[in-house]
Structures are given as structure tokens and as C-alpha cells.
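These notes are about the structure you will find just below.
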Number of protein chains: 2
Amino acid sequence: MALGTDYARQDCSLARALEAIGERWTLLILRDCFFGVRRFTDLQDHLDISKAVLTQRLSTLVDTGLLEKSGGHKHGEYTLTEDAIALWPAMFALIKWGEQRWSPRGPRRIFSHAVCETDIATSGQCPTCGTIPPPGELQIRPGPGADPSVRSDPVSVALRSPRLLLQPLPVQR
Amino acid sequence: MALGTDYARQDCSLARALEAIGERWTLLILRDCFFGVRRFTDLQDHLDISKAVLTQRLSTLVDTGLLEKSGGHKHGEYTLTEDAIALWPAMFALIKWGEQRWSPRGPRRIFSHAVCETDIATSGQCPTCGTIPPPGELQIRPGPGADPSVRSDPVSVALRSPRLLLQPLPVQR
DNA sequence: CTGTATCCTTAAAGATACTG
DNA sequence: CAGTATCTTTAAGGATACAG
């Protein structure tokens, strides 16, 4: 965002949250991490973002304590910290809201509670066990609203197989 | 955001959502509307935002169908549409996440289920009735993490009295 | 009260080339 | 593979003055 990414003088937790994750691309980067993307190049390919911007965002996210980097300079991996994983309910709610408005053919992705084998509700609750499962217990698969024609890069292809959230995404190149 | 507010070629509802509410200030404007702020000047005073930016954001929000304007040119009022009210779970989750990380003295604002007179949990559920109350059934009051020293303008003062969400905020000038 | 209209400064983002 | 470095373009945001 131009001219400052902070919201000075706002006595509000929402402002603090947005200072951490409100910048352009940041939330999409974290979404990809939830989906198992961990490599710099994979993020770049999937997000269609410039290297410079991606570098800056990743560095900020590491500084803020939302991402952890491992693996050194080459073949490094970025993984979500506990603080970032705690963002899942907000991200899930945003995805659901986006679906209601802009996915007339239904959800693009469906989340289910792995242990109950039940698709979870819009509220985030599992209809079978009644809990709000943490992301690590969720499986993701393409839904009726998905549009495979949009993307055909290796990361997008890999993301189309059903899989657990937070698990590393194996990208075939 | 500089150079485009959209996320082209992202087959993802989160991207669509962010195109609508991801711009700087937009989510804070909607938050204020949930809290009952409805007037141009009140938003400007409370957000510490320039008129030009506020005008642009409000106009976009009306175009997107998230705000409705009534009252004509002067003394106009902006109110949330149903689509915007549906954003509450996401906004609530973001506020809670921000509190966990940046409000060590506890929540700045406490939400309670008006009919049950019970403070709602981090999950958004009312411990008494078990439901996830819609924003219209929520009351808001200052919490231990609030910092009244930050702001003393009329809007901030008015926001410090306990009140129902979505109800118009009476600002004394 | 609720905006428009201008001007100006800053920085955000893309493109491209280069590096350990 | 995972970035830096540089350059250029564009737009975002603040300030100020003005208007219906």
C-alpha cells in the first residue's frame, strides 16, 4: 500500500491485525502456506507475483513471526508458525464469504474434517462431531466452483489433488 | 495498493474477497459501520483518513453492494447491506486474532450475546445458547485492553459506551 | 455537511538482468 | 533455486482550497 501500511492511533485489534496481514499479497501467501506450498519458486509461480515483492513479503512475515524459514539459502522452506495457524478461522471465514458472493457454481474448494469424513459447514463446524476443527485436521479437495482452465502450472495442478492442509505440497516439475 | 487492487488469474474465493475488502482502510470503514458509525464526517474523524480516500472507498463500497447510502447529498448515511453483514464472522475472527497477538492486557472490546447476557467465546459461539449469534444480537463494551488515552474525539468517546452492534451511533458534538 | 478538484510527494509493483 | 540490483511506470495518499 502506498504511504504506510500501518493504522496509527487506532485503538483496535483489527488495525493491528491488518498491519500484519493487510498488505497486498500477504494473505494469499499465507493461504498458499496453509495449502502446503513452501518453496519460494512455487509461491512465485502460483501467485504470479514478482520476485522482489515476494522477497519483501516473506521477509516481513518472518520478522513478524508468522513464517519460519528452514533449509538455508537453497531449497529453503517457509512454514507457518503457531501464530499464523491461529489465523485459520479468519481466513476460512473470508474464503466462505468470497464464495457466497463470487462463486455462483458453488465452492471452489471443499474442506472436510478428516477424522469424521464430513464436509464442514459454513460456520466452520463439523456437522458430525460439532467441533470447529483446527486446520491440521482438515482435508481439501476441488469443489464444483473450481475452474481448472484458469491455471495449469505445476503448483496449481498439484493443488487439485485432495490433501490435508498444512502438509507439504509435492510439486512435479 | 499500488498498481492494481485485483488478483488476476487466482481461482480462489479469498482473492475475490480481497478484491472487495482488501484495500487499505476498507475493512476499518466496515468495522466502524458495524459499530454504528454512519456519517461521512464521523468516519473521517475516527479513522484519521483524508476526505479524498474516504470518498473513493465509500463510493467503491456502494458500487460493490456492501454499503447503501440514504439521506441524499447532505446528512447522508451509509449502512451495511446484507452482503456486508455476512462479513461479520470474518471480521470477528480477525479482531480476535489481533487481540491474541497485540493486546497483552486482554481484549479492547468485549462482545456479548444480548439475549443471553453472556460474553461470547473466541470461536464466536455464545457459551450459554451454543449458537454463533449474528452481529445484530451482539452488544459491545470496552474491555481491559482498551486504551482511552489514544483517542478523545467525539466518535471515539461515543464508541466507549456499551451498545448494540449495527445500531446508529449518536455522536455528541 | 459532504464532498470535488488540484497539486505534490512517495512508494509500490513489474520487468529485466545478474549472482551465490 | 532463491534471491539482489536497478530501472521505470504508475498510482496511492496527504494537504489544501473550493463548492453545492
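Here is the naming used below: chain letters follow the sequence lines, and residue numbers restart at 1 for every chain. All values derive from a computational prediction rather than experimental measurement.
Remark: P of C/dG3 and CD of B/Gln56 are 13 Å apart, rounded to the nearest angstrom. When rounded to the nearest whole Å, the span between CD1 of B/Ile29 and P of C/dG3 equals 12 Å. Separating the CD atom of B/Gln44 from the C1' atom of D/dT16 is a distance of 13 Å, rounded to the nearest angstrom. Whole-Å rounding puts the B/Leu54 CG to D/dA15 P distance at 14 Å. Separating the CD atom of A/Glu23 from the P atom of C/dA13 is a distance of 7 Å, rounded to the nearest angstrom. The CG atom of B/Leu61 sits 13 Å away from the P atom of C/dG3 (whole-angstrom rounding). Distance, A/Trp25 CH2 to C/dG14 P: 6 Å, rounded to whole Å. The distance between atom CG of A/Leu47 and atom P of D/dA2, rounded to the nearest whole Å, is 14 Å.
Nearest to the side chain of B/Lys69, among D/dC1, C/dG14, C/dT2, sits C/dT2. Between C/dC1, D/dG13, C/dG3, one nucleotide has an atom nearer to the side chain of B/Arg57 than all others, and that is D/dG13. If you check C/dG3, D/dC1, D/dG3 against the side chain of A/His75, the one that comes closest is D/dC1. The side chain of A/Arg39 approaches D/dC1 more closely than any other nucleotide in the set D/dG14, D/dG3, D/dC1.
No cation-pi contact links B/Arg163 to B/Phe35, judged by a cut-off of 6.0 Å to the six-membered ring centre and 45° from its axis.
Considering only side-chain N and O atoms, A/Tyr78 lies nowhere under 4.0 angstrom from the phosphate OP1 or OP2 of D/dC1. Contact annotation: B/Arg24 does not reach the phosphate of D/dA12 (side-chain N/O to OP1 or OP2, under 4.0 Å).
To the nearest 0.5 Å, atoms CZ (B/Arg39) and CD (B/Gln44) are separated by 12.5 Å. Note: B/Ile49 CD1 to B/Asp32 CG = 10.0 Å, rounded to the nearest 0.5 Å.
In the helix from C/dC1-D/dG20 to C/dG20-D/dC1, the end axes, each obtained as the rotation axis mapping the C1' atoms of four pairs onto the next four within a five-pair block, lie 60° apart to the nearest 10 degrees.
If you check every strand for non-hydrogen atoms under 4.0 Å, A/Thr41 touches sugar and phosphate atoms only.
A/Phe111 and A/Trp88 have perpendicular rings, their planes meeting at more than 60° on a 0 to 90° scale where under 30° would count as parallel.
Side-chain N or O atoms of A/Thr26 include none that pairs as donor or acceptor with a backbone N or O of A/Gly22 at under 3.5 Å.
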Base, backbone or nothing for each nucleotide of nucleotides 15-20 of chain C, written B, S, -, heavy atoms under 4.0 angstrom, 5' to 3'? -----B
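Between A/Arg24 and A/Arg57, the closest side-chain pair of non-hydrogen atoms falls below 4.5 Å. Taking 4.5 Å as the limit, every side-chain heavy atom of A/Val157 sits out of range of all side-chain heavy atoms of A/Val171.
Under the 4.5 Å side-chain heavy-atom criterion for grouping Ile, Leu, Val, Met, Phe, Trp and Tyr, A/Ile132 is not connected to A/Ile140 through any hydrophobic cluster.
Screening A/Arg108, A/Arg109, A/Arg160 for a salt bridge (charged side-chain N to carboxylate O under 4.0 Å, His left out) with B/Asp11, the sole residue that qualifies is A/Arg108.
Not counting sequence neighbours, the partners of A/Arg151 by the salt bridge (Lys or Arg N to Asp or Glu O under 4.0 Å) test are A/Asp153.
Each of A/Val53 and B/Leu58 was assigned the nucleotide of DNA chain C with the nearest heavy atom; the assignment lying further toward the 5' end belongs to B/Leu58.
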